[in-house]
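Working notes, structure below.
Being a predicted model, the structure only gives us computed values, none of them experimental.
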Amino acid sequence: MLFPGLVLPLNVFEERYRAMMRELLKTGEDEPRRFAVVAIRDGREVAPTAPGLPDPTSLPERGPSAGFGPDPLQAFHRVGCIADAATIREREDGGFEVLATGTTRVRLLSVDSSGPFLVAELEELAEEQGDGAGALADGVLRAFRTYQKRLAGARERSLATAAELPDEPSVVSYLVAAAAVLDVPTKQRLLQAPDTATRLAEELRLLRAESALIRHLPSLPAVDLTRAPTSQN
């Protein structure tokens, strides 16, 4: 998941994404090098493996739409985020190390898989504030600080930073959405919220619920992780 204003480091190793990076490098350094980041709804980035360690004998599918089915559009969530690549560094093995920043939310309209990598038609989504965004942002910041403290305690770690948090409502909404420990469907719901106030109201509810859960149940067993099939996503 990528949210506007947040930084995304990437290790690019699949050929379809290497091809995309090579194409972006054709853009002049003084021009933006942009691509879209959209979460997978149904499918996989690479071939799944058996339970436990990845199976070195399983060969991943090939091609720009590998793992996404006959209609790639249906494999993705419809709202994503534009990433602006500040740095694209090619490694000796042909892969890339990329550092990008989220800029603008977009809606996915169509996907073309005829080339070496997927190309999408996108519609930019404006960020509307909504009613009461400022007051909600204050409440979310207080709830987020409580959540941070309880999460650090549950992980037996100290709260490492006392840095000032932003107070602009939309920035707060995206920072909390990215920083909270939430599953992809929940983060996706926050990303595609119709306005900042709606996103903040949902975050306030989630933070209070998560903080209460951590207080009463500070740790959970992870034995199921050893039994489920491993995906390289």
>> Taking CG in Asp131 as the centre, count heavy atoms belonging to other residues, nucleotides or ligands within less than 6.0 Å. Is the count above 12?
In response: no
> Can you get from Ile40 to Leu182 by hopping between Ile, Leu, Val, Met, Phe, Trp and Tyr side chains that sit under 4.5 Å apart?
Replying inline: no
> Mind checking whether Leu118 and Phe68 have side chains closer than 4.5 Å, heavy atoms only?
Replying inline: yes
> Counting distance only, does the side-chain N/O of Glu168 pair as donor-acceptor with the main-chain N or O of Ser170 below 3.5 Å?
Replying inline: yes
> Quick one: CG on Leu204 to CZ on Arg142, what's the gap to the nearest 0.5 Å?
Replying inline: 8.5 Å
> Quick one: does Phe96's side chain get under 4.5 Å of Arg91's, heavy atoms only?
Replying inline: no
> Is it the case that one hydrophobic cluster holds both Leu25 and Val12, taking links as side-chain heavy atoms less than 4.5 Å apart, direct or via other members?
Replying inline: yes
>> Once rounded to the nearest 0.5 Å, what's the spacing between atom OG1 of Thr87 and atom CD of Glu29?
In response: 11.0 Å
> Atom CZ of Arg33 and atom CG of Leu24: how far apart are they, to the nearest 0.5 Å?
Replying inline: 7.5 Å
>> On a heavy-atom basis, which atom in Ala85 and which in Val98 lie closest, and how many Å separate them?
In response: CB-CG1, 4.1 Å
> Of the non-hydrogen atoms in Leu136 and Ala197, which two are nearest, and what is the gap between them?
Replying inline: CD1-O, 3.4 Å
> Can Tyr174 and Arg199 be counted as having a side-chain donor-acceptor contact under 3.5 angstrom?
Replying inline: yes
>> Just by distance, no angles: are the side chains of Glu127 and Thr196 close enough, under 3.5 Å, to form a donor-acceptor pair?
In response: yes
> With side chains defined as the heavy atoms from C-beta onward, is the minimum distance between Phe3 and Arg105 less than 4.5 Å?
Replying inline: no
> Closest approach of Ala137 and Pro169, non-hydrogen atoms and distance?
Replying inline: CB-CA, 3.9 Å
> Under a 4.5 Å side-chain heavy-atom rule over Ile, Leu, Val, Met, Phe, Trp and Tyr, are Val184 and Leu206 clustered together?
Replying inline: no
> Got a donor-acceptor contact below 3.5 angstrom from the Lys187 side chain to the Ala180 backbone?
Replying inline: yes
>> If you define the side chain from C-beta out and look only at heavy atoms, does anything of Ser173 sit under 4.5 Å from Glu203?
In response: yes
> Would a hydrophobic clustering, with Ile, Leu, Val, Met, Phe, Trp and Tyr connected at side-chain separations under 4.5 Å, put Leu10 with Phe76?
Replying inline: yes
> Strictly by modelled atom types, are Gln188 and Thr186 linked by a side-chain donor-acceptor pair under 3.5 Å?
Replying inline: no
> Minimum heavy-atom separation for Ala100 to Ala83, with atom names?
Replying inline: CB-CB, 3.9 Å
> Can you tell me if Ser211 uses its side chain to pair, donor with acceptor, with the backbone of Leu207 under 3.5 Å?
Replying inline: yes
> Under a 4.5 Å cut-off applied to non-hydrogen side-chain atoms, are Tyr17 and Asn11 in contact?
Replying inline: no
> Is the number of heavy atoms from other residues, nucleotides or ligands within 6.0 Å of CZ (Arg22) greater than 12?
Replying inline: yes
> Passes side-chain contact (heavy atoms from CB on, under 4.5 Å), Val111 versus Val119? Steps please.
Replying inline: CA-CA 6 Å; Val111 176; Val119 176; over 6 Å; no
>> Is the shortest side-chain heavy-atom distance between Glu202 and Leu190 below 4.5 Å?
In response: yes
>> Using 0.5 Å steps for rounding, measure from the CE atom of Met1 to the SG atom of Cys81.
In response: 9.0 Å
> Can you list the steps and then say if Glu31 with Lys26 is a salt bridge (charged side-chain N to carboxylate O under 4.0 Å, His left out)?
Replying inline: CA-CA 10 Å; Glu31 298 180 38; Lys26 296 178 183 178; over 6 Å; no
> Do side-chain atoms of Thr103 reach the backbone of Ile82 as a donor and acceptor pair under 3.5 angstrom?
Replying inline: yes
> Can you hop from Val171 to Phe144 via hydrophobic side chains spaced under 4.5 Å?
Replying inline: no
> Quick one: side chain to side chain contact (heavy atoms under 4.5 Å, CB included) partners of Thr104, sequence neighbours excluded?
Replying inline: Glu124
> Is there side-chain contact between Val172 and Leu141, with heavy atoms separated by less than 4.5 Å?
Replying inline: yes
>> Show the nearest heavy-atom pair for residues Ala178 and Leu6, with the distance to one decimal.
In response: CB-CG, 3.7 Å
> Is it true that atom CZ of Arg107 has more than 12 heavy atoms of other residues, nucleotides or ligands lying nearer than 6.0 Å?
Replying inline: no
>> Before you tell me yes or no, could you show the steps for Thr101 and Leu8 under side-chain contact (heavy atoms from CB on, under 4.5 Å), namely the whole-Å CA-CA distance, both residues' side-chain angles and the distance that decides it to 0.1 Å?
In response: CA-CA 6 Å; Thr101 302; Leu8 179 69; over 6 Å; no
>> Measuring from atom CG of Asp112 to atom CZ of Phe117, what distance do you get when rounded to the nearest 0.5 angstrom?
In response: 10.0 Å
>> Please report the interatomic distance CZ(Arg78) to CD(Gln192), rounded to the nearest 0.5 Å.
In response: 11.0 Å
> Which pair of non-hydrogen atoms, one from Val140 and one from Leu200, has the smallest distance, and what is that distance?
Replying inline: CG2-O, 3.3 Å
> Is there a side-chain contact between Phe35 and Asp84 (heavy atoms, below 4.5 Å)?
Replying inline: no
> Between Leu108 and Val79, does a side-chain contact (heavy atoms from CB on, under 4.5 Å) hold up when you go through it step by step?
Replying inline: CA-CA 6 Å; Leu108 197 62; Val79 175; over 6 Å; no
